[in-house]
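The chain is numbered in sequence order, starting from 1.
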Amino acid sequence: MKFTPAKPSLHGETLDSLGARLAEAGEPAYRARQILDWLYKKRAADWDQMTNLPRSLRAWLADTFDLESTALVLNRQSEDVTDKLLLELRDHSLIETVLIRAPQEGVGLDHSRKTICISTQVGCAMGCVFCASGLAGLKRDLSAGEIVHQLIQVCRREDARTPRARAELASFDNIVVMGMGEPLHNYDNLLRALTILNAGWGLGFGARRITISTSGVVPKILQLAEEPVGFLLAISLHGATNEVREQIMPINKRWPLEELLPAIRTFSEKHGRMVTLEFILIEGVNDLLEQAAKLRDLADDLHAHVNLIPYNAVEGLPWKRPSLARQQKFVAILQEGGVSVTLRREKGHDIDAACGQLRLKTERDRAAGPAA
Ligand code: SF4
């Protein structure tokens with residue numbers, strides 16, 4: 001479903017598109033860079049902050065564009081330093097954006113590795129059975145501006161904490177497009193948003209530090225392989241055989257492993273980068289040691305990195321995480337095969353950090369209405 005806001009988000013404009021709008025309005029071309037500077041270097045939240053623009057131009061901008069396409073509703077910080085932002089859009093939909101800090105030995109929190117996880121859709125149509133985001137299906141795609149504005153929200157919070165981080169996104173290590181939604185189902189808006197994040201006039205964030213994670217939309221993986229800018233790719237595999245993958249990811253019926261694996265290889269060869277295979281470990285479903293052996297062979301064949309993620313329980317769903325001993329056995333099989341593997345220490349367990357849970361809980365509370 002498409003939502004047409006009263007005004008488009010200014011954060012969805014590129015240097016060229018904004019320049020063209022300004023030219024139509026009779027404004028000089030250099031104003032575009034001044035405006036983008038206010039958005040991305042100074043994170044302006046109000047038109048009146050843009051003091052080097054004439055009052056008449058500020059009024060035109062306010063009439064033409066939306067400056068705040070997301071609003072912060074809730075910010076939950078967990079003990080393990082995951083910061084989860086629940087954001088409300090203009091149509092009152094809710095999305096989640098997460099900042100994950102991984103403290104490094106011997107340095108403070110401000111010098112930890114920081115990864116921002118962003119959403120691309122409200123809800124999700126893919127129906128992975130273990131996921132809270134897909135429980136209510138897809139509501140709509142996010143606009144490019146709504147995708148970009150999530151980063152602005154995170155930056156503003158970080159600016160307030162550590163003022164020296166201001167002026168660019170360089171103090172963040174990675175952006176992962178792994179939040180709510182299937183990013184490749186919102187391909188055009190995603191690519192436009194990533195262009196803005198990557199551009200020197202935008203947030204200036206290197207493409208090699210941006211990972212797009214997909215459940216395996218084969219034609220779009222092949223399209224992405226042809227893009228000139230090389231973003232990183234992660235595949236939510238979660239099953240090393242069609243039988244197991246099909247049980248938990250309906251997309252496998254549409255694009256089984258025989259089609260997915262060659263597409264991954266094509267992407268990897270075109271961009272010369274290692275692809276990551278994400279594998280959520282669910283007890284009794286995909287944690288059998290035969291799955292580990294199959295995964296080892298697939299990863300070895302694709303020269304891929306494997307990221308194992310012990311399942312984070314979702315209220316109302318029956319799935320459980322395997323024991324630590326089982327997780328470690330699984331890792332050992334991959335390592336013995338010479339595969340590059342990480343076992344993710346989960347983040348945010350105490351703040352409903354499993355994808356989509358905070359949103360789900362808030363929507364249920366809203367539907368229930370105020371407590372008597
Ligand atoms: S895991 Fe990702 S692709 Fe699957 S339903 Fe959840 S958000 Fe969608």
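Side-chain contact of Q121 with D141: a donor-acceptor pair under 3.5 Å is present, judged by distance alone. Side chain to side chain, K294 and T241 fail the donor-acceptor criterion of an N or O pair below 3.5 Å. Looking only at atom types and distance, the side chain of T70 has a donor-acceptor partner in the side chain of H149 under 3.5 Å away. Side-chain contact annotation: S93 with D91, donor-acceptor N/O pair under 3.5 Å present. Between the side chains of S143 and N189, no donor-acceptor pair of N or O atoms lies under 3.5 Å. Side-chain atoms of N242 and E258 include a donor-acceptor pair closer than 3.5 Å. A side-chain donor from one of N52 and W38 sits under 3.5 Å from a side-chain acceptor of the other. Side-chain atoms of S17 and R192 form a donor-acceptor pair, as typed in the model, at a separation below 3.5 Å.
In terms of hydrophobic clustering, with Ile, Leu, Val, Met, Phe, Trp and Tyr side chains grouped at heavy-atom distances under 4.5 Å, L288 and L343 are assigned to different clusters. Under the 4.5 Å side-chain heavy-atom criterion for ILVMFWY residues, no single connected hydrophobic cluster contains both M274 and V177. Hydrophobic clustering (ILVMFWY, side-chain heavy atoms < 4.5 Å, transitive): V217 and V129 are in one cluster. Clustering ILVMFWY residues whenever any of their side-chain heavy atoms sit less than 4.5 angstrom apart, transitively, puts L308 in a cluster other than the one holding V244. In this structure, L224 is not a member of the same hydrophobic cluster as L232, with clusters built from ILVMFWY side-chain heavy atoms closer than 4.5 Å.
Closest approach of I221 and A263 over heavy atoms only: CG2-O, 3.7 Å. Between M50 and A44, the shortest heavy-atom distance links the atoms CE-CB, 4.1 Å. The two atoms that bring A132 and V314 nearest to each other are CB-CG1, 3.8 Å, heavy atoms only. Closest non-hydrogen pair, S9 versus G145, comes out as OG-CA, 3.4 Å. Annotation for R245 and S236: closest pair NH2-O, 2.9 Å, computed over non-hydrogen atoms. Considering every non-hydrogen atom in both M178 and A234, the closest pair reads CE-CB, 4.2 Å.
Between the side chain of N286 and the main chain of I282, a donor-acceptor pair closer than 3.5 Å is present. A distance-only check finds a donor-acceptor pair linking the side chain of R43 to the backbone of Y40 [under 3.5 Å]. Although no hydrogens or angles enter the test, the distance criterion places no donor-acceptor pair under 3.5 Å between the side chain of H305 and the main chain of T276. In this structure, Q291 contributes its side chain and A240 its backbone to a donor-acceptor pair below 3.5 Å. Under the 3.5 Å distance criterion, the side-chain polar atoms of S268 are matched with a main-chain donor or acceptor of R273. One N or O on the side chain of S119 and one on the backbone of M180 form a donor-acceptor pair closer than 3.5 Å. Judged by distance alone, with hydrogens and angles left aside, the side-chain atoms of R265 form a donor-acceptor pair with the main-chain N or O of D301 at under 3.5 Å. The backbone N or O of Y311 sits less than 3.5 Å from a side-chain atom of R321, completing a donor-acceptor pair.
A cation-pi contact, defined as under 6.0 Å to the ring centre and within 45° of the axis, links R209 to F205. The cationic group of K7 does not satisfy the cation-pi geometry with F65, failing either the under 6.0 Å distance to the six-membered ring centre or the 45° limit from the ring axis.
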**Request:** Please lay out, stage by stage, how I100 and K114 fare under the test side chain to side chain contact (heavy atoms under 4.5 Å, CB included).
**Result:** CA-CA 6 Å; I100 304 155; K114 294 183 198 130; over 6 Å; no
**Prompt:** Can N186 and T120 be said to form a side chain to side chain donor-acceptor pair (under 3.5 Å), step by step?
**Reply:** CA-CA 7 Å; N186 188 13; T120 51; 5.4 Å; no
**Asked** Hey, mind stepping through L203 and L151 against side chain to side chain contact (heavy atoms under 4.5 Å, CB included) and telling me if it holds?
**Response** CA-CA 9 Å; L203 282 165; L151 275 298; 3.9 Å; yes
**Message:** H271 vs F231, test: ring pair (Phe, Tyr, Trp, His ring centres under 6.0 Å). Steps then yes/no.
**Reply:** CA-CA 9 Å; H271 289 286; F231 300 106; 8.7 Å; no
**Prompt:** Are E182 and T214 close enough, and set up right, to give a side chain to side chain donor-acceptor pair (under 3.5 Å), and what steps lead you there?
**Reply:** CA-CA 6 Å; E182 165 48 63; T214 176; 2.9 Å; yes
**Message:** Using the rule given for side chain to side chain donor-acceptor pair (under 3.5 Å), can you reason through S69 versus H11, listing the C-alpha separation, both sets of side-chain angles and the distance that settles it, and then say yes or no?
**Reply:** CA-CA 8 Å; S69 57; H11 292 87; 5.4 Å; no
**Prompt:** Run the side chain to side chain contact (heavy atoms under 4.5 Å, CB included) check on Q327 and L281 step by step: do they pass?
**Reply:** CA-CA 8 Å; Q327 295 171 30; L281 286 170; 4.2 Å; yes
**Asked** When you look at I333 and L289, which way does the side chain to side chain contact (heavy atoms under 4.5 Å, CB included) test go after all the steps?
**Response** CA-CA 8 Å; I333 290 173; L289 301 184; 3.8 Å; yes
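Remark: R208 CZ is packed, more than 12 non-hydrogen atoms of other residues, nucleotides or ligands lying under 6.0 Å away. Heavy-atom neighbours of R33 CZ from other residues, nucleotides or ligands within 6.0 Å: at or below the threshold of 12.
Taking CE of M126 as the start and OG of S133 as the end, the distance is 13.0 Å to the nearest 0.5 Å. The distance from the CZ atom of R58 to the CG atom of D48 is 5.5 Å, given to the nearest 0.5 Å. How far CG of L94 is from CG of L86: 5.0 Å, rounded to the nearest 0.5 Å. The CD1 atom of I264 sits 12.0 Å away from the CD atom of E269 when rounded to the nearest 0.5 Å. Taking OG of S215 as the start and CD1 of I251 as the end, the distance is 3.5 Å to the nearest 0.5 Å. The OG1 atom of T97 sits 11.0 Å away from the CD1 atom of I175 when rounded to the nearest 0.5 Å.
Electrostatic pairing of R90 and D66 counts as a salt bridge here, judged by a charged N lying under 4.0 Å from a carboxylate O. Taking a cutoff of 4.0 Å between a charged side-chain nitrogen and a carboxylate oxygen, K270 and E227 do not qualify as a salt bridge. Residues K329 and D287 are not paired through a salt bridge, judged by the lack of any N-O separation under 4.0 Å between the basic side chain and the carboxylate. Ion pairing between a basic and an acidic side chain is recognised when a charged N comes within 4.0 Å of a carboxylate O; R156 and E68 show such pairing.
Considering only heavy atoms from C-beta on, Y187 comes within 4.5 Å of Q223 through its side chain. Residues P54 and R31 are in side-chain contact: their nearest non-hydrogen atoms beyond the backbone lie under 4.5 Å apart. Proximity of I147 to I118: side-chain heavy atoms (C-beta onward) are separated by under 4.5 Å at one or more points. Here the side chains of V285 and Q247 are in contact, with some heavy-atom distance below 4.5 Å. The side-chain heavy atoms of F172 and L99, taken from C-beta on, include a pair separated by under 4.5 Å. Side-chain contact between I95 and L89 is present, with at least one heavy-atom pair separated by less than 4.5 Å. No side-chain heavy atom of C124 sits less than 4.5 Å from a side-chain heavy atom of L138.
When each of V275, I235, L261 is paired with L302, the side-chain contact (heavy atoms from CB on, under 4.5 Å) condition holds for L261 and for no other.
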